[in-house]
Q: 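Structure incoming, see below.
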Amino acid sequence: MLCTELERQSILSRLSGYRYTHTLGCERAAKMLAERYGGDVEKAGFAAILHDITKRLSKEEQLYLCDKYGIIPCDIEKIEWKMLHGKTAAAIAKQEYGAPEDVVQAIAYHTTGHAHMTLLDKIIYLADYIEETRDFDGVEPARQLAKIDLDEALLYCFNQSLTDLLERDKLIHPDTMAARNALIWQGVRRIHGAEGSGV
């Protein structure tokens, strides 16, 4: 067993407010996606409850954990420092909770994605995006696509995220571009329309 109920409650006790509710939603979504697409349900749930464990931390605290665990932020992460919570959460998952490497990787890249995403990576990225407490333009089509095709849903989410970043004149992490491009190179295409509220 990767995570006992006592350990799960210990992890959840480090969260509060919206982050607590979001994490439980993400856990449910991750398990649902793992069941649907043949993933490891236990690992998906474990990664989900750990994915935002450092999200509440300040810039100084994030950088302290980077220094402690040998994480070297890229130039974009130094500016958009909130991105660091994936990597710092992954370090906590490994060092404090003994998470296996595939779980650690899924947590580390749950915000940006990356070019060679495993099934677990995809599940955690998508679960974080579609979980039930999310309420923003485009989330419902993502939920519907997630029931049909995992990669197509991911492509939709990357496209939506990139559009949002461009509209807000924000920096774009190269891992996100690489993740989106990798799907295109693999032949993933938007087959099921997902504009507006329907699929």
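These figures come from a predicted structure and were not determined experimentally. In what follows, every heavy atom counts, from backbone to side chain, and hydrogens, waters and symmetry copies are set aside.
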Q: Starting at SG of C66, measure out to CD of E61 and round the result to the nearest 0.5 Å.
A: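 Answer for the SG-CD pair, C66 versus E61, is 12.0 Å.
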Q: Cluster question for you: counting only ILVMFWY and a side-chain heavy-atom cut-off of under 4.5 Å, with indirect links fine, are V188 and I130 together?
A: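 Linked, V188 and I130 end up in one cluster.
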Q: Consider only side-chain N and O atoms of E131 and H22, and report whether a donor and an acceptor are under 3.5 Å apart.
A: yes
Q: Once rounded to the nearest 0.5 Å, what's the spacing between atom OG1 of T54 and atom CG of L84?
A: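 T54 atom OG1 to L84 atom CG measures 8.5 Å (nearest 0.5 Å).
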Q: Looking at every heavy atom in both Y125 and S161, which two are closest together, and how far apart are they?
A: OH-OG, 3.8 Å
Q: Mind checking salt bridge (Lys or Arg N to Asp or Glu O under 4.0 Å) for E7 and listing every partner two or more places apart, or none if nothing turns up?
A: none
Q: If we count only N and O atoms by modelled type, under 3.5 Å, do the side chains of E101 and Q105 hold a donor and an acceptor together?
A: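 Not at all, the side chains of E101 and Q105 share no donor-acceptor pair under 3.5 Å.
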Q: In terms of hydrophobic clustering (I, L, V, M, F, W, Y; side-chain heavy atoms under 4.5 Å; direct or indirect links), are V41 and L150 co-clustered?
A: no
Q: How far apart are the C-alpha atoms of R168 and L165, what are their side-chain angles, what is the distance that settles it, and do they pass the side-chain contact (heavy atoms from CB on, under 4.5 Å) test?
A: CA-CA 5 Å; R168 294 189 291 125; L165 291 170; 3.9 Å; yes
Q: With hydrophobic residues grouped by side-chain heavy-atom distances under 4.5 Å, do M32 and V139 end up in a single group?
A: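 Linked, M32 and V139 end up in one cluster.
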Q: Is there a path from L155 to Y109 through hydrophobic residues (I, L, V, M, F, W, Y) whose side chains come within less than 4.5 Å of each other?
A: no
Q: State, yes or no, whether a side-chain contact exists between H110 and D52 at a heavy-atom distance under 4.5 Å.
A: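 Touching, per the 4.5 Å side-chain cut-off.
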Q: Is a side-chain donor or acceptor of T23 paired with a backbone partner of I49 at a separation under 3.5 angstrom?
A: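 Here the side-chain-to-backbone pair does not exist.
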Q: Is the OH atom of Y69 crowded by more than 12 outside heavy atoms at less than 6.0 Å?
A: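 Above 12, so yes.
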Q: Could you walk me through whether K170 and D164 pass salt bridge (charged side-chain N to carboxylate O under 4.0 Å, His left out), step by step?
A: CA-CA 9 Å; K170 303 292 281 185; D164 175 64; over 6 Å; no
Q: Please round to the nearest 0.5 Å and tell me the distance separating atom CD1 of I123 and atom NZ of K31.
A: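 Here the interatomic distance stands at 13.0 Å.
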Q: Please evaluate residues K87 and L65 with respect to the criterion side-chain contact (heavy atoms from CB on, under 4.5 Å), reporting the C-alpha separation (whole Å), side-chain torsions for both, the decisive distance (0.1 Å), and the verdict.
A: CA-CA 9 Å; K87 292 180 178 178; L65 288 177; over 6 Å; no
Q: For R180, check salt bridge (Lys or Arg N to Asp or Glu O under 4.0 Å) against everything at least two apart and list the hits.
A: none
Q: Quick check: closest heavy atoms across A89 and L50, and the distance to 0.1 Å?
A: CB-O, 3.7 Å
Q: Between H173 and H114, is any side-chain donor less than 3.5 angstrom from a side-chain acceptor?
A: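 Result is no, nothing qualifies.
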Q: Does the pair K55 and L15 meet the rule for a side-chain contact (heavy atoms from CB on, under 4.5 Å), with working shown?
A: CA-CA 9 Å; K55 184 74 179 280; L15 307 169; over 6 Å; no
Q: Minimum heavy-atom separation for F158 and T112, please, with both atom names.
A: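 In this case the closest contact between F158 and T112 is CE2-O, 3.8 Å.
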Q: Do D128 and R134 come close enough that some side-chain heavy atom pair is under 4.5 Å?
A: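 Side chain of D128 against side chain of R134, heavy atoms only: contact under 4.5 Å found.
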Q: Would you name the heavy atoms of C157 and A142 that are closest together and state the gap between them?
A: SG-CB, 4.0 Å
Q: Nearest 0.5 angstrom please: Y156 OH to L126 CG, how far?
A: 11.5 Å
Q: Hey, mind stepping through E96 and R14 against side-chain contact (heavy atoms from CB on, under 4.5 Å) and telling me if it holds?
A: CA-CA 13 Å; E96 295 189 24; R14 299 171 70 160; 2.8 Å; yes
Q: Hey, could you give me each pair passing side-chain hydrogen bond (donor to acceptor under 3.5 Å, both in side chains) that has a residue in residues 36-48? Not counting sequence neighbours.
A: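 Residue pairs with at least one partner in residues 36-48: K43-D102.
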Q: Looking at K82 and H85, what are the two nearest heavy atoms and their distance?
A: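 Scanning both residues, the minimum pair turns out to be O-ND1, 2.7 Å.
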Q: From I53 CD1 over to I107 CD1, what is the distance, rounded to the nearest 0.5 angstrom?
A: 8.5 Å
Q: Determine, using ring centers only, whether Y129 and F136 are less than 6.0 Å apart.
A: yes
Q: Does some side-chain heavy atom of L166 sit less than 4.5 Å from a side-chain heavy atom of I172?
A: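 Side chain of I172 against side chain of L166, heavy atoms only: contact under 4.5 Å found.
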Q: According to a 4.5 Å side-chain heavy-atom criterion applied to Ile, Leu, Val, Met, Phe, Trp and Tyr, with indirect links allowed, do L33 and L119 form part of one hydrophobic cluster?
A: yes
Q: Using links of under 4.5 Å between side-chain heavy atoms of ILVMFWY residues, direct or through other members, which residues join L6 in one cluster?
A: none
Q: Applying salt bridge (Lys or Arg N to Asp or Glu O under 4.0 Å), can you list everything that pairs with R56, at least two apart in sequence or on another chain?
A: none
Q: Report the hydrophobic cluster partners of I79, with the cluster defined as I, L, V, M, F, W, Y residues connected by side-chain heavy atoms closer than 4.5 angstrom, directly or transitively.
A: I76, M83, L171
Q: Could you tell me whether a side-chain N or O of S13 sits under 3.5 Å from a main-chain N or O of S10, the two making a donor and an acceptor?
A: yes
Q: Identify the two heavy atoms, one from L120 and one from A44, that lie closest to each other, and give their separation to 0.1 Å.
A: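 Result for this residue pair: CD1-CA, 3.7 Å.
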Q: Below 4.5 Å, heavy atoms only, C-beta onward: do L154 and L183 meet side chain to side chain?
A: yes
Q: Hey, could you give me the CG/CD1 distance between N159 and I184, rounded to the nearest 0.5 Å?
A: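 These two atoms lie 7.0 Å from each other.
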